[in-house]
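Here's the structure we're looking at; comments come further down.
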Protein chains: 2
Amino acid sequence: MTFTIKDVAKLANVSIATVSRIINNQTGYSEKTKKKVLEAIEELGYEPNAVARGLINKRTHTIGVLFPKLSSTLVTDLLSGIEKATHDAGSSVIVCHTESNGEKTMKYLQLLNEKRIDGIIFTSAPLLEEYYQYIKKMNVPMVLLSTETYAHPVPYVKVNDRHAAYTATQFLINKGHEKIGMISGNKDDIISGKPRIDGYISALQDHNLPIDEKKIIYNRGFSFYDGMDSLKTLLKQAPDLTAVFAASDELAIGAISSAYQLGIKVPDELSIIGYDNLSIAEMSVPPLTTVAQPLTEMGEMAANMLFEMLNSDKLIESRIMPHKIVERKSVRDKEV
Amino acid sequence: MTFTIKDVAKLANVSIATVSRIINNQTGYSEKTKKKVLEAIEELGYEPNAVARGLINKRTHTIGVLFPKLSSTLVTDLLSGIEKATHDAGSSVIVCHTESNGEKTMKYLQLLNEKRIDGIIFTSAPLLEEYYQYIKKMNVPMVLLSTETYAHPVPYVKVNDRHAAYTATQFLINKGHEKIGMISGNKDDIISGKPRIDGYISALQDHNLPIDEKKIIYNRGFSFYDGMDSLKTLLKQAPDLTAVFAASDELAIGAISSAYQLGIKVPDELSIIGYDNLSIAEMSVPPLTTVAQPLTEMGEMAANMLFEMLNSDKLIESRIMPHKIVERKSVRDKEV
DNA sequence: TTGTAAGCGTTATCAC
DNA sequence: GTGATAACGCTTACAA
């Protein structure tokens with residue numbers, strides 16, 4: 001048996017309006033009736049029905065989060081931050097796994113719309129026009145996480161990929177390396193593919209190092225296997241490399257595995273730096289030096305921005321989160 | 001502007017009852033009015049309000065999933081399966097991150113209760129009496145995932161930890177190893193701590209190998225760092241070990257890292273087998289041989305069981321999922 | 001300080 | 001076939 005506000009009212013001998021006032025911390029009742037009502041609530045174990053509340057308040061205290069994939073520590077670190085901030089704000093998060101599939105994404109958006117969620121965090125994937133238009137019609141705030149859009153005024157939180165990639169490459173250069181390769185993601189990926197390549201190239205240019213297409217491998221994704229394959233190809237094309245910048249930790253660890261198979265010692269013969277600072281980075285052998293994104297904080301930030309928009313509906317600024325080098329053991333000084 | 005069934009009714013010149021019948025695929029209207037209504041729906045872009053539906057139907061098509069931690073591939077593989085099956089069943093999942101904290105867990109349960117979710121999946125942690133009683137009062141079905149309880153009739157899905165540990169140990173024995181250590185989790189953990197230790201001991205006994213307390217390290221958790229520390233201690237206590245069974249992949253990979261630091265070659269000088277088959281297992285150097293849990297399938301299974309209970313409220317049987325050895329490179333034959 | 005009643009957007013039970 | 005209308009459990013004017 002689950003009780004309603006009516007049951008409480010009856011038991012406490014007051015009207016439902018009074019009960020409502022009390023559970024919502026409003027004014028307009030005596031201490032005495034408050035006590036009476038609270039006792040009734042206690043006795044029945046009454047808990048208000050959030051569905052009914054949502055219907056009338058037009059606020060479900062639930063947000064939707066869209067992820068292109070679920071089983072990667074990258075996205076779960078983000079989720080972890082989102083969940084924390086959301087729960088602290090008294091809301092819940094519904095996770096949606098879109099698999100980067102347009103049709104699925106639209107289905108999810110429709111579902112979220114029917115559920116009348118309060119807002120949306122859209123992560124790690126390009127915001128297609130179709131998505132944007134639909135969400136605009138839904139009339140709920142949205143923030144982009146680990147992605148951004150140039151076509152529309154949607155606030156986002158991410159690191160500056162170009163800058164972070166520049167920092168990583170520069171780190172290698174500062175260690176004395178001059179022949180530096182790159183294992184990149186998809187160069188047609190405007191969000192996290194191209195900018196990291198550009199950052200790498202910029203850093204080389206700024207230090208008067210030659211750019212050589214042979215020293216760059218383009219992959220379809222950012223996966224471990226892409227990384228394994230890439231290192232082999234890369235070393236075939238440019239055998240004299242002393243260091244490699246990989247555009248993700250998975251790529252980097254794939255490269256380390258490859259190096260191990262090829263009998264190449266990391267970092268003694270080849271330095272490798274990654275990108276992300278996932279938990280696997282510290283678990284690799286050798287532990288991976290990488291440029292860190294503050295993923296959990298980014299998730300929290302995105303959620304907090306969403307709630308800010310929800311509570312004030314004023315425009316909000318995007319955030320470029322700081323990145324930093326986490327130095328472990330996969331990079332060493334080039335001997336001179 | 002977001003429209004209601006009333007708007008549709010008005011535009012189509014019918015009553016809201018008729019509209020309701022049509023969007024719910026019931027009978028009792030002509031093809032002609034159906035067409036008229038569908039057109040009105042299309043024109044307005046009407047989408048039914050699931051909140052209102054939930055209020056009257058007493059079904060929110062939302063389930064809650066409780067996780068002790070979020071950022072580990074173990075739990076996200078589970079989540080991935082849960083999310084898939086749930087979405088396929090037309091529902092959504094709310095994730096709750098309890099941090100194994102009793103107070104937090106109760107808060108979450110209360111929240112889920114207020115939201116009137118349809119069911120609960122409780123994962124990877126002991127089901128305390130307090131939780132059980134509360135959920136029982138909520139009067140929604142629950143299934144346990146990667147955990148179980150002896151105190152109450154709650155269906156669960158997990159692998160047989162004792163058996164899986166036995167299999168892992170036996171695998172080592174079959175490779176010719178006789179001096180086999182174990183890096184275990186918490187021996188007071190009745191779900192995944194003790195049973196794996198028992199499985200290890202059983203396997204040794206069944207093969208007439210001596211049991212030696214010095215060959216077992218007990219940890220508080222199952223983490224990478226626990227694994228690193230453990231191997232050092234273990235090797236101090238029992239330097240003649242040729243193989244180690246670690247009770248989780250993280251422990252195993254921590255052990256591998258330690259071995260690397262100590263200059264011990266895996267698998268040439270020391271074989272290591274893990275438990276879980278997380279994605280990090282294939283990414284380690286050398287790739288980790290481990291006993292696999294079908295995590296994604298387990299998640300799907302748990303969700304499907306929940307929906308079965310929801311639709312028929314008959315009792316349902318628990319599932320012991322199959323485990324299997326995934327042989328990679330961290331274990332080799334003992335030379336004779 | 002308290003209660004009555006309308007309404008949130010649906011579904012379902014009646015009549016017609 | 002179709003349409004009023006009463007729920008569902010709550011919040012919130014408006015009265016008293």
Side-chain angles (χ1 to χ4, degrees), chain A residues 1-38 40-41 44-62 110-118 138-139, chain B residues 1-38 40-41 44-62 90 110-111 113-118 138-139:
Chain A
M1 181 57 195
T2 145
F3 298 97
T4 74
I5 199 171
K6 267 190 199 161
D7 302 310
V8 176
K10 199 177 297 173
L11 182 60
N13 252 312
V14 296
S15 73
I16 61 170
T18 299
V19 177
S20 175
R21 285 185 194 105
I22 291 171
I23 60 182
N24 287 297
N25 277 315
Q26 296 174 345
T27 55
Y29 46 82
S30 68
E31 269 308 307
K32 213 174 86 196
T33 56
K34 177 175 179 180
K35 184 159 173 263
K36 221 171 29 174
V37 168
L38 256 23
I41 288 177
L44 297 178
Y46 166 75
E47 279 173 11
N49 183 329
V51 181
R53 281 180 155 179
L55 183 57
I56 192 159
N57 290 331
K58 280 138 178 21
R59 263 271 227 153
T60 51
H61 292 281
T62 306
Q110 186 181 336
L111 190 78
L112 292 174
N113 182 217
E114 293 189 357
K115 292 227 159 113
R116 301 299 194 260
I117 45 99
D118 299 333
M138 286 175 68
N139 197 29
Chain B
M1 183 57 196
T2 146
F3 297 98
T4 74
I5 200 172
K6 268 188 197 161
D7 302 311
V8 176
K10 199 176 297 172
L11 183 60
N13 252 310
V14 297
S15 74
I16 61 169
T18 300
V19 178
S20 175
R21 285 187 193 102
I22 292 171
I23 60 182
N24 287 297
N25 277 315
Q26 296 174 345
T27 56
Y29 46 82
S30 68
E31 268 308 309
K32 213 174 89 195
T33 56
K34 177 174 180 181
K35 185 159 173 262
K36 223 170 32 175
V37 168
L38 257 23
I41 288 177
L44 296 177
Y46 166 75
E47 280 173 11
N49 183 328
V51 180
R53 283 179 155 179
L55 183 57
I56 195 157
N57 290 333
K58 280 137 176 24
R59 263 271 227 152
T60 51
H61 291 282
T62 306
Q110 186 182 335
L111 190 78
N113 182 219
E114 295 188 356
K115 292 226 158 113
R116 300 298 193 261
I117 46 100
D118 299 332
M138 286 174 68
N139 197 29

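Hydrogens, waters and symmetry mates play no part in the numbers below; they use all other heavy atoms, side chains included.
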Just how far, in rounded Å, is [atom2] of [N] from [atom1] of [X]?
{"X": "A:N57", "N": "D:dG9", "atom1": "CG", "atom2": "C1'", "answer": "12 Å"}
{"X": "B:E31", "N": "D:dG1", "atom1": "CD", "atom2": "C1'", "answer": "13 Å"}
{"X": "A:K36", "N": "C:dT1", "atom1": "NZ", "atom2": "C1'", "answer": "11 Å"}
{"X": "A:F3", "N": "D:dG9", "atom1": "CZ", "atom2": "P", "answer": "12 Å"}
{"X": "A:I56", "N": "C:dA6", "atom1": "CD1", "atom2": "P", "answer": "14 Å"}
{"X": "A:E114", "N": "C:dG9", "atom1": "CD", "atom2": "P", "answer": "15 Å"}
{"X": "A:I5", "N": "D:dG9", "atom1": "CD1", "atom2": "C1'", "answer": "8 Å"}
{"X": "A:K10", "N": "C:dT4", "atom1": "NZ", "atom2": "C1'", "answer": "17 Å"}

With B:L44 as reference, evaluate B:T4, B:L11, B:T2 under the side-chain contact (heavy atoms from CB on, under 4.5 Å) test and give the passing residue. B:L11
As a test of understanding, state which of B:I56, B:I117, B:N57, B:T60 forms a side-chain contact (heavy atoms from CB on, under 4.5 Å) with A:V51. B:T60
Spacing of B:N49 atom CG and B:L55 atom CG [to the nearest 0.5 Å]: 10.0 Å
Side chain A:S20, main chain A:T18, donor-acceptor under 3.5 Å: no
Sidechain-backbone polar pair: A:K58 side chain, A:R116 backbone, donor-acceptor under 3.5 Å: no
Check this one for me: any side-chain N or O of [X] less than 4.0 Å away from OP1 or OP2 of [N]?
{"X": "B:S30", "N": "D:dT2", "answer": "yes"}
{"X": "A:T33", "N": "C:dT2", "answer": "yes"}
{"X": "A:K58", "N": "C:dG9", "answer": "yes"}
{"X": "A:S15", "N": "C:dG3", "answer": "yes"}

Touch check for [X], heavy atoms < 4.0 angstrom, all strands: base, sugar-phosphate only, or nothing?
{"X": "B:V51", "answer": "nothing"}
{"X": "B:T27", "answer": "nothing"}
{"X": "B:Y46", "answer": "sugar-phosphate"}
{"X": "A:Q26", "answer": "sugar-phosphate"}

Looking at B:Q26, I'd like to know if its CD atom is crowded, meaning that more than 12 non-hydrogen atoms belonging to other residues, nucleotides or ligands lie closer than 6.0 Å. yes
Nearest to the side chain of [X], heavy atoms from C-beta on, is which of [options]?
{"X": "A:N49", "options": "D:dA13, D:dG9, D:dT2", "value": "D:dG9"}
{"X": "B:A17", "options": "C:dT11, C:dA12, D:dC10", "value": "C:dA12"}
{"X": "B:I23", "options": "D:dT11, C:dT11, C:dG3", "value": "C:dT11"}
{"X": "A:R116", "options": "C:dT11, C:dT10, D:dC10", "value": "C:dT10"}
{"X": "B:T4", "options": "C:dG9, C:dT11, D:dA4", "value": "C:dG9"}
{"X": "A:L55", "options": "C:dC8, D:dT5, D:dT11", "value": "C:dC8"}

Base D:dG3 paired with B:R21 side chain (donor-acceptor, <3.5 Å): yes
